[in-house]
Each structure stands twice: as structure tokens, then as C-alpha cells.
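Side-chain atoms are counted along with the backbone in the values below, which use heavy atoms only and exclude waters and symmetry mates. Residue numbers start from 1 in every chain, and the chains themselves are labelled A, B, ... in the order their sequence lines are given, proteins ahead of strands.
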Amino acid sequence: MADWTDAEKSTISAVWGKVDINEVGPLALGRVLIVYPWTQRYFGSFGDVSTAAAIMGNPKVAAHGRVVCGALDKAVKNMGNILATYKSLSETHANKLFVDPDNFRVLADVLTIVIAAKFGAAFTPEIQATWQKFMKVVVAAMSSRYF
Amino acid sequence: MSLTAKDKSVVKAFWGKISGKADVVGAEALGRMLTAYPQTKTYFSEWADLSPGSAPVKKHGSTIMGAIGNAVGVIDDLVGGLSALSDLHAFKLRVDPGNFKILSHNILVTLAIHFPADFTPEVHIAVDKFLAALSAALADKYR
């Protein structure tokens, strides 16, 4: 789907290697539900999401944040093949979960912000550029089975 | 998505905290945008150096952030307060308004980097809404 230089591949591995999914996943999903409250439509069974505090303290949100971020691992380990890697996950989101694919871009942007907050100045403009390219490809692959 | 009284007070309080570093944030956000979204470079073809930290990027980042700071001051009437800037962007600069969202995202990334403790989810939603309202006001005169 996209071409990756060796430098880009190692940048993505290096960034991902420093991300603790158990910490970042819940932070990212929680922030999506707070900043874009209409996304709560997909989580009716998760219990109390009525306030920011409730969302950040909700164990189901945290667990699901870990699942969603954990799935990014597949893309990091298969950068040459991201389209194929997410084919069935894309189909599931389109045909079973009925998730608006615009949400993939929303999550990607919030995840970038959460990672930037963690890394600080170490998340240089150049590293951000490579990370955003990776996010763009992941979002395109996750959107690819929506017809 | 109009700004509530709470949004406005959160934005004003946060801007008070960051105002000392506004120039740095503006320069960095612009540099990040030009690096991570290279299509935005087309609007700055007359600059010799588009790299983060270059003189024109620093200067222009500071100009932009100053204007955003002024917008905080007119937060109750962004369309009126930004009318002249909207004319500029609509008729002289002719920047595609889609790019306002891109710059806004890079401002949020830069704020998260420089103020990780203060850029809470509550501040994030208020600032995101404010930048969206500002972008709409900036695009107001386009057609």
C-alpha cells in the first residue's frame, strides 16, 4: 500500500517499542470518548461514560483501549503488508460493528497526541511525519473494505 | 458545535498558562505541519527554508500564534473579530480551508508536548472546539 524506507521502518519500530499498550491504549480511547462524545454511540454496553472521570475510570473502556491499540502491533510487524493485515478487521468493522470509518482517523489523531505527550520533545517533527504516514496507511487499510 | 461558557473559560485559563511560550508553540506547530503534511508547503513556496526552526518558520509561527491569542480575546464574536483575517485568507492567500484543520491538529500535538500535565482531556476538547470555531470564522468570507 505504501513504500517504507529502512529509516521509516526503524522509526516506527522504535516509537512502538517505547509505547506501553496497557497505558496508552486506555488513555487514547478514553480521550476519544471525551473529546468526541458522539463516539460513545458504539459503547452502549460499557456502563458509565457520563463524565470525563467516569470514562477514564471505566474498566471496560480501559480493556477495550488495550484491545484496539494492541491491534496496531500487527501493522508494526507487517509494514510491507498493512492492507492485507487489516482486511478481515476492516470487514468486521464495516459489516458487523457498523463503525463509521471517520472514527479511525479520529482515533489515529488522538493516539498521536497521547504519544506526543508521553514522548515530549523526543517526538520530533521528523518522527511525527513518519508516524503520521504510518497512521494514514493504517486508517486507509481499516477503511478499505467499506463498500 | 458552539462554544459554551465553560469552553470559553477553560480556553482563556489555558491560554493564560501558555502565553509565555506562545511564540515557541506557534513556530513548532508550523514546523511540524510543514514536515508531517508536506502538501502544506505549497503555500510557502517563496521561503528559502521550510525546515522546523528556520527563521521564516519561527517568524510566521509567532505571527499565527499571536493572531490566535487575539482570537481568545474576541472569543465571544470570532466571526466579527476575525473578519479582516478572513478577507485576507479568502481573497489574497486563498488557503484551502481544509488546511486549518491540519494546522489545528499540529497545534494540539505541540501543546501536548509542551504542557503534558495541563493538556487534560477537558482542556483538549475546549481547545479543539475553539480552534474549529476559529477556523470556521477564518473561512467565513470565502464564498
4.5 Å side-chain heavy-atom contact, [X] and [Y]:
X       : Y       : answer
V57(B)  : F44(B)  : no
V95(B)  : L138(B) : no
L131(B) : L108(B) : yes
V127(B) : W15(B)  : yes

Contact origin within M33(B) toward chain A - heavy atom pairs under 4.5 Å: neither
Test item: S19(B) side-chain N/O and G16(B) main-chain N/O as donor-acceptor pair under 3.5 Å: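 Checked: pair present.
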Table up the donor-acceptor pairs between chain B and chain A that sit under 3.5 Å, atom names plus distance.
| unit_1 | atom_1 | unit_2 | atom_2 | d |
| --- | --- | --- | --- | --- |
| R32(B) | NH1 | F123(A) | O | 2.8 |
| R32(B) | NH1 | Q128(A) | OE1 | 2.9 |
| R32(B) | NH2 | F123(A) | O | 2.7 |
| Y37(B) | OH | Q132(A) | OE1 | 3.3 |
| Y37(B) | OH | Q132(A) | NE2 | 2.8 |
| H105(B) | NE2 | Q132(A) | OE1 | 2.9 |
| N106(B) | OD1 | Q128(A) | NE2 | 2.9 |
| F119(B) | O | R31(A) | NH1 | 3.1 |
| F119(B) | O | R31(A) | NH2 | 2.9 |
| H124(B) | ND1 | R31(A) | NH1 | 3.0 |
| D128(B) | OD2 | Y36(A) | OH | 3.0 |

Top contributor to chain B contacts, counting heavy-atom pairs under 4.5 Å, from G30(A), A122(A), A116(A), A121(A):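 It is A116(A).
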Interatomic spacing from CD1 in I75(B) to CZ in F130(B) - rounded to 0.5 Å: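 If I round to the nearest 0.5 Å, the distance is 5.0 Å.
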Selection from A112(B), P121(B), A126(B) maximising heavy-atom pairs under 4.5 Å formed with chain A: P121(B)
Test log, rule side-chain contact (heavy atoms from CB on, under 4.5 Å), inputs D140(B) and L82(B): CA-CA 9 Å; D140(B) 189 63; L82(B) 291 169; over 6 Å; no
